[in-house]
Amino acid sequence: MLSTYQYPKYEYVQPPEQKSGVTKRYPVVIVGAGPVGLAAAIELAQSGVPVVVLDDDDTVSVGSRGVCYAKRALEVLDRLGVGDACVAKGVSWNVGRTFFREEEVYNFNLLPQPDHKRPGMINLQQYYLEEYEVKRAKELPNLDLRFRNKVVSVAPEGNGATLQVETPDGIYTLETDWLVVADGARSGIRRMMDLEIEGKIFMDRFLIADVVMKADFPAERWFWFDPPFHPGQSVLLHRQADNVWRIDFQLGWQADPEEEKKPEKVIPRIKAMLGDDREFDLEWVSVYTFQCRRMHKFRHGRVLFVGDAAHQVSPFGARGANSGIQDTDNLCWKLKLVIDGQAPAALLDSYGEEREFAADENIMNSTRSTDFITPKSKTSLTFRNAVLTLARDHAFARALVNSGRLSVPSYLTESRLNTPDGSAFAGDMVPGAPMDDSPMRENGSDFWLLDRVGQRFMALVHVGDPAALDAATARRFKALADAGIPLEVVLVSPIAGQAPEGLRVFEDYTGRFAERYDSEPGTVYLLRPDQHVAARWRSFDATRLKAALARATCNVQ
C-alpha cells in the first residue's frame with residue numbers, strides 16, 4: 001500500500017533508575033503517550049509539575065485512527081502549543097451533509113456564528129497530532145518521555161503507586177505520588193487493578209479505508225444511508241491531510257474482519273463508490289466494532305483514569321479523542337493545585353464527577369447515533385427510512401436525522417464547583433459553561449479571548465471607561481493576585497483606555513463579548529483554568545468573588 005507518512009522512530013534511553021539501581025519517586029507518572037496522555041503531560045509540565053510519561057512503543061499510532069478534532073479540543077491544544085500546527089496541516093470544515101440513497105436530505109453547520117478563532121472541526125490523521133505533541137513534550141525540561149517502557153505491574157498505595165516497568169534492559173521500579181492512566185481502550189493498568197468497564201458493545205462492523213486520491217470534493221462531512229453503491233448499509237466520507245480520504249463502510253455483524261481487509265475486497269467497494277475512472281491508492285485498512293462503555297469511577301485514590309482507558313464510544317460523533325483531551329483539561333489544573341497544597345485532594349473528586357457526567361452525555365448521544373445508523377429490527381429500519389424520506393421536505397423530521405451528533409463540550413451546570421447565579425442573565429454562558437470565543441484588542445493588538453484566558457483563575461470585569469476606574473478599586477483588584485490562589489482581574493471595555501495600577505484592559509471592539517456573555521458595565525465573570533465559567537455577577541464584590549474561588553477549589557470550610 002502507498003504511504004504518505006513517514007513514521008518517526010523515537011530513541012529508547014535507559015532510565016536513570018535502571019542505571020543506578022536506585023528507585024526514584026516522581027510527583028506524576030502518566031502511562032500512555034497517545035493524544036490524551038501527551039496532552040496531560042504537556043499541560044502539567046507547562047504548569048511546573050515534573051512528569052514522567054511511559055509508553056511501550058517507540059513511534060506514533062499506525063493509521064489515521066482518530067480523525068476529527070472539534071473546536072473545543074483545538075482550543076485546548078492551542079494552550080498546549082500545538083493548535084496552530086494541527087490546524088495548518090488539517091482540513092478545516094463546518095458543514096456536514098446527509099444523503100438517503102441518492103438525495104441530500106439534511107445538512108448542518110457546526111459554526112453558524114462569525115468571530116471564532118477555530119473552525120467547528122478539523123480532520124487530521126492521529127499520527128500527526130501525536131507527532132506534534134511529542135515535539136512539544138521534548139521542548140519541556142521537566143517532562144521525561146520514555147519510549148519502550150512497558151508497565152508490567154502496578155501497586156496502588158495510600159500515598160501514590162509503585163510501578164514495575166519493563167525495558168530492553170530489563171525491569172526497574174518507579175514510584176509516584178499520582179498516577180494518570182491513559183493507556184487506551186484495552187488499558188493494562190485497569191486490568192491489573194481488576195477494575196471493570198461497563199456498557200454496550202454493538203453487533204456491527206465497519207471497514208475503514210484510507211484512500212489517497214486527488215478529488216475536488218468540498219471539505220465537508222458526507223454520510224450516506226442506503227446508497228446505490230453500497231445498498232442497505234451506510235457510508236461516511238471525510239477528507240484528511242495529504243489528499244488522504246477516510247471512507248467508512250458499514251459491513252454488518254456477519255462480515256469476516258480478516259477477509260474484508262484484503263485489497264481484493266476493499267478496492268471493488270471503493271470503485272463502486274467513486275467510479276472506475278477515479279484513480280486512487282490504498283494507504284491503510286482496518287475493520288472495527290464499536291462500544292459505548294465507561295468505568296464506574298474515574299478516580300481510584302491516587303490513580304486517575306483519562307481518555308479511552310476510562311470511557312469508550314462509537315466513532316460516530318467524534319467523541320473519543322475530543323472527550324479524552326477535555327478529560328486532561330479538567331484534571332490537570334486540579335491536580336496542580338492539590339500537588340502545590342493549595343487545594344484538598346477532594347478537588348480531584350470533582351474531576352470524576354464532572355467527567356463521568358460528560359462521559360454519560362457522550363455515551364447517550366453516541367448510542368442514539370449508532371441505533372439510528374444501524375437499526376436492529378425491521379420496525380426500527382422502517383422508522384429510520386421514514387424519517388430520512390420526510391427530512392427532504394419537513395424541518396421536524398430533519399431534527400430526528402442522526403448520522404452522528406458531533407462532539408461538543410459539556411455544560412457542567414450541576415458541578416459543585418459552581419456558584420449559582422444571583423441575578424438574571426441571558427445567553428449560554430451560565431456557571432459551568434465552556435467559554436465562547438470573541439475578538440479582543442489590547443494595547444492596539446488584536447487577539448482572541450480564549451488565547452488570553454485559561455491555565456489560571458481570572459475575573460473579567462466589564463467597565464465603561466477603564467480610565468475612569470478609581471485608584472482604590474484598582475488596588476483591590478490587584479490585591480487579588482497576591483491571594484493564596486492568585487486571581488488575575490482583567491478589565492473588559494468597549495473602548496480602549498489606560499487603567500490605573502497597571503491593570504490589563506481587553507477592548508471588546510466588536511461587541512461580541514458583551515453579546516455572548518450578556519455583559520454590561522459592572523458585570524463580573526469568574527473563569528476556571530480550563531476556561532469554564534465558575535460564577536458571574538452584575539456587580540463586583542470582593543467577598544463574593546473570594547467565596548466563589550474557594551468553592552471552585554473545594555477550599556470551603
Side-chain angles (χ1 to χ4, degrees), residues 47 329-338 340-355 357 409-436 438 449-450 452-463 469 472-492 503-504 506 513-514 516-557:
S47 70
D329 193 39
N330 186 292
L331 170 64
C332 290
W333 68 270
K334 298 174 180 178
L335 187 53
K336 162 73 172 172
L337 287 177
V338 172
D340 289 350
Q342 294 181 313
L347 179 60
L348 293 170
D349 290 335
S350 75
Y351 159 69
E353 293 161 2
E354 292 181 348
R355 294 312 298 167
F357 166 81
S410 292
Y411 279 66
L412 306 173
T413 53
E414 302 304 312
S415 173
R416 58 167 146 159
L417 306 187
N418 299 337
T419 295
D421 281 338
S423 303
F425 280 87
D428 296 331
M429 293 295 97
V430 298
M435 291 177 64
D436 269 350
S438 172
L449 174 63
L450 294 185
R452 298 285 176 91
V453 301
Q455 297 176 313
R456 64 200 183 282
F457 279 97
M458 293 182 68
L460 300 183
V461 179
H462 192 139
V463 297
L469 187 72
T473 301
R475 283 194 293 272
R476 287 199 296 272
F477 288 171
K478 291 285 284 186
L480 291 168
D482 299 322
I485 296 176
L487 173 64
E488 181 184 8
V489 175
V490 175
L491 307 182
V492 177
L503 287 170
R504 298 171 68 193
F506 290 174
F513 178 86
R516 290 173 179 165
Y517 288 76
D518 185 25
S519 187
E520 58 193 30
T523 298
V524 179
Y525 271 84
L526 175 62
L527 311 176
R528 296 180 1 173
D530 58 1
Q531 298 177 332
H532 279 256
V533 174
R536 58 184 179 173
W537 304 272
R538 286 301 184 189
S539 62
F540 178 84
D541 183 301
T543 300
R544 289 187 306 191
L545 193 57
K546 290 175 183 177
L549 179 61
R551 182 168 184 159
T553 55
C554 290
N555 277 306
V556 178
Q557 299 299 320

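Every heavy atom of this structure was used, including side-chain atoms; hydrogens, water molecules and symmetry mates were not. These numbers come from a predicted model, not from an experiment. When a residue number appears, it is its place in the shown sequence, counting from 1.
With rounding to the nearest 0.5 Å, the separation of SG in Cys554 from CZ in Arg416 is 4.5 Å. Note: Met429 CE to Asp518 CG = 11.5 Å, rounded to the nearest 0.5 Å. To the nearest 0.5 Å, atom CZ of residue Arg355 and atom CG of residue Asn330 are 6.0 Å apart. Atom NZ of Lys478 and atom OG1 of Thr473 lie 14.5 Å apart (nearest 0.5 Å). A distance of 8.5 Å separates CG of Leu417 from CG of Leu412, quoted to the nearest 0.5 Å. In this structure, the separation between CD1 on Ile485 and NZ on Lys546 is 13.0 Å, given to the nearest 0.5 Å.
Side-chain contact between Leu503 and Val461 is absent, with no heavy atoms from C-beta onward closer than 4.5 Å. Within the 4.5 Å cutoff, the side chain of Tyr351 has no heavy atoms near those of the Leu335 side chain. No side-chain heavy atom of Thr419 sits less than 4.5 Å from a side-chain heavy atom of Pro431. Counting heavy atoms from C-beta on, the side chains of Asn555 and Gln342 never come closer than 4.5 Å. Two residues are said to be in side-chain contact when any heavy atoms from C-beta on lie closer than 4.5 Å; Arg544 and Trp537 meet this criterion. Side-chain contact between Val524 and Asp541 is absent, with no heavy-atom pair separated by less than 4.5 Å. A heavy-atom distance below 4.5 Å is found between the side chains of His532 and Pro434. Using a 4.5 Å cut-off on side-chain heavy atoms (C-beta onward), Thr523 and Arg536 make no contact.
Ala514 and His462 get closest at one heavy-atom pair: CB-CE1, 4.3 Å. Residues Met458 and Arg452 come closest through the heavy atom pair SD-O, 3.6 Å. In terms of heavy-atom proximity, Asn418 sits nearest to Val533 at OD1-O, 3.9 Å. For the pair Pro344 and Thr553, the tightest heavy-atom approach, listed with the atom from each and the gap, is CD-O, 3.6 Å. What you find for Arg528 and Ser415 is that their closest heavy atoms are NH1-OG, 4.2 Å. Phe513 approaches Ser438 most closely through the heavy-atom pair N-OG, 3.2 Å.
A perpendicular orientation is assigned to the rings of Tyr517 and Tyr525, their planes being inclined by more than 60° (bins at 30° and 60°).
The pair Asp349-Lys334 does not meet the salt-bridge criterion, since no charged nitrogen lies less than 4.0 angstrom from a carboxylate oxygen.
Within 6.0 Å of CD on Glu520 lie more than 12 heavy atoms contributed by other residues, nucleotides or ligands.
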Open item on the list: Working note: Leu348 + Leu331, criterion side-chain contact (heavy atoms from CB on, under 4.5 Å); need CA distance, chi angles, decisive distance, verdict.
Closed with: CA-CA 7 Å; Leu348 293 170; Leu331 170 64; 3.8 Å; yes
- [ ] For Val453 and Val490, run side-chain contact (heavy atoms from CB on, under 4.5 Å): C-alpha distance rounded to whole Å, both residues' side-chain angles, the deciding distance at 0.1 Å, then the answer.
- [x] CA-CA 10 Å; Val453 301; Val490 175; over 6 Å; no
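In this structure a side-chain-to-backbone donor-acceptor pair under 3.5 Å is missing from Gln455 to Ser47.
The six-membered or imidazole ring of Phe540 lies near that of Phe477, with a centre-to-centre distance under 6.0 Å.
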